Each structure stands twice: as C-alpha cells, then as structure tokens.
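Everything below concerns the one structure shown next.
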Amino acid sequence: MKNTKIIAVANQKSSGKTTTCVNLGAALALKGNKVLLIDFDPQESLSNFFGCYNSENNIADLMLKLANKQPVKAAEYIIHNELNGIDLIPSNNTDMNAFSRVILAKRGQETVLKRVLSRFAVFEDYDYIIVDCNASVDITVDNALCAANSVIIPCWAAPFNFAPLTNTINQIEDIREELNPDLEIVGILLTFCERTKNCAAAIDAMRKNYDGLIFDTTITRTARADTSLREKAAVLSTAKDNKTASEYRAVADEIVRRVG
Ligand SMILES: Nc1ncnc2c1ncn2[C@@H]1O[C@H](COP(=O)(O)OP(=O)(O)OP(=O)(O)O)[C@@H](O)[C@H]1O
Ligand SMILES: [Mg+2]
C-alpha cells in the first residue's frame, strides 16, 4: 500500500462520524481522488446510507475469511456509488458481532483489517480509505486504528465532559505505543456547531485544550445535514452550494494539507 492514506474516523461518543465519512469521502472524490469507505460499525448506518442492508459481502465476512485462511476475493466486496463517485465495503450487524467474538480467541486479533488491506492489490488503487468506527473502544476500533495511518476525531461542540474524547485519545495512544507507532491524529473536527454562547465557549475551550489539533473548519448543525437518507445521498454531488458540503470540502482541503 505505497501511497494509500488510511484514515479512521473515531470517537467513543456519537458525534457525526458517519456523516463525516460520507461527506469527506465525497469531497475528496470531487477533488479527483479514488476513495473507499469501509463501514466498521455493526449499526450499518454508513451501509444503509448507500442503500445496503444486511449485506452478505461485508467487511466482517472478508476479515473472518482471511483470519480463517479461507479463499476470498476482496474485489467482490466493493460496491461503487455512482452518485457520489465513491466505493464502499458495507458492514453487517450479525457478522460484525460474530467477528468481535471469534477474533478474541485468535493471535493477531487487532491487526486483521490491516492484513486485509495489505493482502489484496485492489486496495492499492485508492488514494484514500476511510474507516467509519463504532462509538466504543472495542476490538473493532483497535483494528481500525492498527490499519490506519491517521485518525480524525469528530467531536460535538457543546459544553460536555471530556471523558469520551479523552478515552478515544488514550486508546489511540495505546495503539500507537503497542502496535502502530506511525499512527497520527490528523485532527479533531468540531461538529454540530451553533451560533450560541454555549457553543462558542465550548469551541474556545476545545481550542485551548487541544491546541493545534482542532481543524480550522467547523461543521454547522443544520437540518440539511440530517435529512432522509435518500436526500442526503444526493446532497454532495448535486447541491454544490450546500453549506454542509462546502464545509466538508474545506475540511478535505485541510486534510490534504495535513496528510498529503
Ligand atoms: N452537522 C449536522 N447537523 C445536523 N445533524 C447532523 C449533523 N451531522 C450529523 N447529523 C445527524 O446526527 C445524527 C448522528 O450523526 P452520525 O450518525 O453521523 O453520528 P455518529 O458519530 O456516526 O453516530 P454513532 O456513534 O451512532 O455511529 C444523524 O442523524 C445525522 O444525520
Ligand atoms: Mg456512525
């Protein structure tokens, strides 16, 4: 995987991770990049967004086949989304839960996704692979962080306790120390931003606490970011004047500057 940038999108708390994966993926594709999204959450939100439900060819099945040394073709797991110009490997609730249980008994349990991505030549075609994590610190998130070069942490910009963010950063530091020394935090992306004093205070506190890590661009809370799945799927490619889309295009510019 010479030039492919693998980015995990992680936070223990629900914070716009899946929305970030979709919009950032489409924004990077609009810049001419070949982008693959991997749904790594048993909730299947990212898969559902692209109309995939309960997919037989899903990332957990691919990982389990590799871990069990069964023959498998990764290309058969990739779905192309014409509208947004991006590819997807879907999740599957049953298989992701089976993966989490079965893999704990095996050696190299944290590095299955890493091995999948380096085993198959098809993944070398991509400029960016973006992995949508679930809201926890479990073995699947460990796998995403071991496979990734970098992490984006979307974070709800509201007065809140810092515990979920701190736990996520601690998990990233553990993985960096023990398994993936090159793992970098690309940045913390402030999401659900509103024009309120509370929100301004939260943004201010975040910038002070995590100096240099916070993206300049923030994502505004807007109903257009939270429409029905079908409408959302069309937002980026058709409505170029859409606020959410233009904010994520600005984040994509910052990411390209930060990770190349
Ligand atoms: N900028 C935004 N403005 C308004 N609503 C948003 C915005 N971003 C995301 N949402 C909505 O908020 C909800 C949570 O967002 P999302 O699913 O992206 O978060 P998540 O971190 O992936 O959650 P989970 O941890 O459950 O996977 C969704 O209904 C989504 O459509
Ligand atoms: Mg999600």
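Residues: numbered from 1 along the sequence shown. Remember, predicted model here, so these are calculated numbers, not experimental data. As the structure lists them, so they are numbered: ligands from 1, and atoms in each ligand from 1.
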If you count the non-hydrogen atoms of other residues, nucleotides and ligands that lie under 6.0 Å from CD in Q70, is the total more than 12?
yes
Take atom NZ of K31 as the centre, draw a 6.0 Å sphere, and report whether it contains more than 12 heavy atoms from other residues, nucleotides or ligands.
yes
For I219, which part has a heavy atom under 4.0 Å from ligand 1: side chain, backbone, both, or neither?
side chain
If we only count N/O pairs under 3.5 Å, is S15 in contact with ligand 1?
yes
Report yes if the side chains of F49 and D132 come closer than 4.5 Å at any heavy-atom pair, otherwise no.
no
Under 3.5 Å side-chain donor-acceptor pair for N92 and N54:
yes
If you count heavy atoms of other groups shown closer than 6.0 angstrom to CD of E254, is the number above 12?
yes
Relative to each other, are the rings of F99 and F40 parallel, tilted or perpendicular (30° and 60° limits)?
tilted
Counting only protein N, O or S atoms and ignoring waters, those under 2.8 Å from the Mg ion (ligand 2) are T18 OG1
Taking only heavy atoms of A135 into account, list the atoms of ligand 1 that are under 4.0 Å away from them.
25 (O)
Do other residues, nucleotides or ligands put more than 12 heavy atoms under 6.0 Å from the CZ atom of R119?
no
Show the atoms of ligand 1 that are less than 4.0 angstrom away from any heavy atom in D41.
27 (O)
T222 N/O under 3.5 Å from ligand 1 N/O
yes
With a 4.5 Å cut-off on side-chain heavy atoms, are I255 and F215 touching?
yes
To the nearest 0.5 angstrom, please state how far the CD1 atom of I153 sits from the NZ atom of K13.
14.5 Å
With heavy-atom distances below 4.0 Å as the criterion, list the atoms of ligand 1 near T19.
8 (N), 9 (C), 15 (O), 16 (P), 18 (O), 30 (C)
Numbering as shown, the atoms of ligand 1 that approach T220 to under 4.0 Å (heavy-atom distance):
1 (N), 2 (C), 3 (N)
If only side-chain N and O atoms count, and only distance matters, is there a donor-acceptor pair under 3.5 Å linking N84 with N81?
yes
May I ask whether S45 has any heavy atom positioned less than 4.0 angstrom from an atom of ligand 1?
no
Quick check on contacts: which atoms of ligand 1 are under 4.0 angstrom from a heavy atom of Q43?
24 (P), 26 (O), 27 (O)
Judged by non-hydrogen atoms, does N11 sit under 4.0 Å from ligand 1?
no
Rounding to 0.5 Å, atoms NZ (K34) and CG (L28) come to a distance of 14.0 Å
Under 4.0 Å, heavy atoms only, figure out whether ligand 1 is touched by the backbone of T20, its side chain, both or neither.
neither
Determine the interplanar angle of the F123 and Y126 rings, folded into 0 to 90°, and report it as parallel if under 30°, tilted if 30 to 60°, perpendicular if over 60°.
tilted
Heavy-atom proximity to atom 8 (N) of ligand 1, picking from Y248, F49, F192, points to F192
